[in-house]
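Notes for the one structure printed next.
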Amino acid sequence: MKKFACFCRDSCNKVACFLDLHFHPLWIQLSYFLIVSLLGCLALTVSKPRTTSFRPKFVDVFFTSVSATTTSSMSTVEMEVFSNTQLIIMTILMFVGGEVFISMLGLQFARSKFPKNHQSTQVDQNRATSTAINVNPISQIHNNLNRKKELDLKAIPRPESEKPNQNDVEQGIMCLDSLSLEYNSVMALGYVVLGYLLVVILVGSSSVFLYISLDPTARTVLKNKGLDFTTFSVFSVVSSFTNCGFIPTNENLMVFKKNSGLLLLLISQILMGNTLYPPCLLFVIWVLKKTSKRAEFSFILRNYRDMGYSHLLSLPHAALLFLTVFGFISIAIVLFCCMEWNSDAMDDLNSYQKLVGSLNQAVNARHAGESVFDLSSISPAILLLFIVMMYLPPYTTFLPTKYQDDQVASENGKGSPNRRKQTTFMECLMLSQLSYLVLFIILICVTERQKMKEDPLNFSVLNIILEVISAYGNVGYSTGYSCKRQVKPDSSCTDTWYGFVGRWSTKGKIILIIVMFFGKLKKFTMKGGKAWKLS
């Protein structure tokens, strides 16, 4: 068994080195999402849906698999079509496609690439050999080549007259100890992220299950729809934590808009899994440092930039992110309540339910996509605000000038705050994010041009823009499709609960699949367009 474990570890090391040397992280992540989406599509196709009278087309099954893997929650079929087995498959897809899980894989990938003599808590201080420490995995963990050179120089045999003195030996031992501490810190951070992921989801699922068991109205809804309580609880919590936005009911959260307790539970999952993940992670590490007194946690907090973990921020940056998130949410709540407080969407709710529903809708606009109210009935001003909020990256932060240098240093790498990278020709050709989105919108307007002429109220440019930005932000908001808005009423038209994209052509759906992948990998193209000058 021990030999098998060593073989697996060596194989992982070789694979990590091969991928790092031959492939850019963009292609590694794209391949990962494509493979997971294809496997999910295969699993959804093989498993039987709940209703035998309706079987989704292949493009719709693949679209759903991609939507779950990229945590986008764009839908082309109603959710209650899927059986309990298919809901479990979608839960797995959302879990392995979530940002926290992907970042944890990056840390494990980084740990496997440390030299063997540092992959234990006790390092033989007499060893002075080392190999290249290149920890640049999927999550862009930094590489530390300078120490490798120092250790290699100490490992070269020297004549008696040139042998290092006692100070040199002590420095070499200290360098080895530093590498050991760094490896242990990466390993500890990986365990912290894994523990955070599992604890939040388990506690959240248990809380939702307990709420449903005690609340008669929520229990009645699930019984009438034939949904398993456990599956619903785990599915909803995983979807909320990964900021996917899928809910097993056709109406999403609209059917639970009076269940304020359930909405508040899901809000906490949404925030802890995305926009407030860095502050929460920092708080957990700080608590572990105070309680365990381990050197690894102090090292992580002291050297947050050197860890190379993009979700690990400095305390001032995390605090400013916290304030920025709640600033956006406050603006959205105030505007939403001012515009929709007395609207038809809130007609049968009391003041407390209206406030909680508005809070949930505002929080979901930042990359989660669960809906308490029908977006097609919301005023255009609110929709435009949601479009802006969906477009912004999850860690958008107001950074005063004195913190911007620290942020630049964090992006450039440790020890080189002003380092300028040489720009390649392909990087110069890259466009800005907004330019790509405009191209996608134009392409969809071309593929759906006939429907835009025949059904202009449903196929309006605003609805198409919201759908594209929602897919790009991996949010899942959609205005849907209403037969009542048809200029030329069609007697065969029936209202459905899936998204607006469900009425698009196959070409339009394929374009939106590309947009979802592009949005999931947007961190690799965020700096594009700098070579283009408009002056």
Side-chain angles (χ1 to χ4, degrees), residues 11-42 62-63 65-72 74 92-114 132-145 186 190 193 242 307-311 393-395 411-413 421-433 435-437 439-440 443 471-474 510-531:
S11 300
C12 289
N13 290 345
K14 291 178 181 178
V15 170
C17 291
F18 176 80
L19 292 176
D20 184 63
L21 290 173
H22 294 84
F23 297 99
H24 190 277
L26 168 63
W27 304 116
I28 297 175
Q29 283 207 27
L30 179 60
S31 301
Y32 172 83
F33 287 116
L34 278 172
I35 292 170
V36 173
S37 298
L38 289 171
L39 291 175
C41 177
L42 178 63
F62 183 64
F63 188 97
S65 179
V66 172
S67 185
T69 305
T70 58
T71 62
S72 300
M74 309 298 294
I92 296 172
L93 293 177
M94 292 185 293
F95 183 82
V96 301
E99 186 62 30
V100 178
F101 181 82
I102 296 295
S103 68
M104 186 194 69
L105 287 183
L107 287 171
Q108 299 304 318
F109 189 40
R111 193 182 70 172
S112 69
K113 296 177 66 181
F114 271 83
I133 302 168
N134 181 11
V135 276
N136 185 15
I138 298 176
S139 292
Q140 291 288 291
I141 305 297
H142 74 284
N143 63 59
N144 196 350
L145 297 176
V186 172
V193 174
T242 60
M307 299 302 296
Y309 188 59
S310 60
H311 304 286
Y395 297 161
E411 293 175 355
N412 290 339
K421 287 179 63 179
Q422 186 175 0
T423 306
T424 63
F425 177 71
M426 290 303 297
E427 289 175 340
C428 290
L429 291 179
M430 289 175 60
L431 302 176
S432 64
Q433 301 286 299
S435 301
Y436 288 118
L437 291 176
L439 291 176
F440 286 130
L443 287 174
Y472 164 78
N474 305 122
I510 292 173
I511 293 173
L512 209 66
I513 287 174
I514 297 172
V515 175
M516 286 190 285
F517 279 124
F518 176 71
K520 192 66 177 178
L521 302 172
K522 57 179 170 281
K523 61 185 176 183
F524 295 107
T525 58
M526 288 296 290
K527 296 181 180 180
K530 291 184 177 181

Considering all heavy atoms of both residues, which atom of [X] and which atom of [Y] are nearest to each other, and what is their separation?
| X | Y | value |
| --- | --- | --- |
| S72 | N474 | OG-ND2, 2.8 Å |
| V515 | A471 | CG1-CB, 3.8 Å |
| V193 | S103 | CG1-OG, 4.3 Å |
| M94 | T71 | O-CG2, 4.0 Å |

Quick one: list whatever passes ring-ring contact (aromatic ring centres under 6.0 Å, His included) with [X], sequence neighbours left out.
| X | result |
| --- | --- |
| Y395 | H311 |
| F33 | none |
| F101 | F95 |

#### Entry: Point-to-point distance, once rounded to the nearest 0.5 Å, from CZ of F517 to CG of L34
4.5 Å

### I511 CD1 to L439 CG distance, which is reported to the nearest 0.5 Å
11.0 Å

#### Entry: Test item: S31 side-chain N/O and W27 main-chain N/O as donor-acceptor pair under 3.5 Å
yes

### Message
Main chain of C41, side chain of S65: is a donor-acceptor contact present, judged purely on distance under 3.5 Å?
### Response
yes

#### Entry: Pair I510-F63, side chain to side chain contact (heavy atoms under 4.5 Å, CB included): steps then yes or no
CA-CA 8 Å; I510 292 173; F63 188 97; over 6 Å; no

### Message
Please evaluate residues Y472 and Y436 with respect to the criterion side chain to side chain contact (heavy atoms under 4.5 Å, CB included), reporting the C-alpha separation (whole Å), side-chain torsions for both, the decisive distance (0.1 Å), and the verdict.
### Response
CA-CA 10 Å; Y472 164 78; Y436 288 118; over 6 Å; no

### Message
Under the criterion side chain to side chain contact (heavy atoms under 4.5 Å, CB included), I'd like the reasoning laid out for V66 against M74: C-alpha separation, chi angles, the key distance, then a yes or no.
### Response
CA-CA 9 Å; V66 172; M74 309 298 294; over 6 Å; no

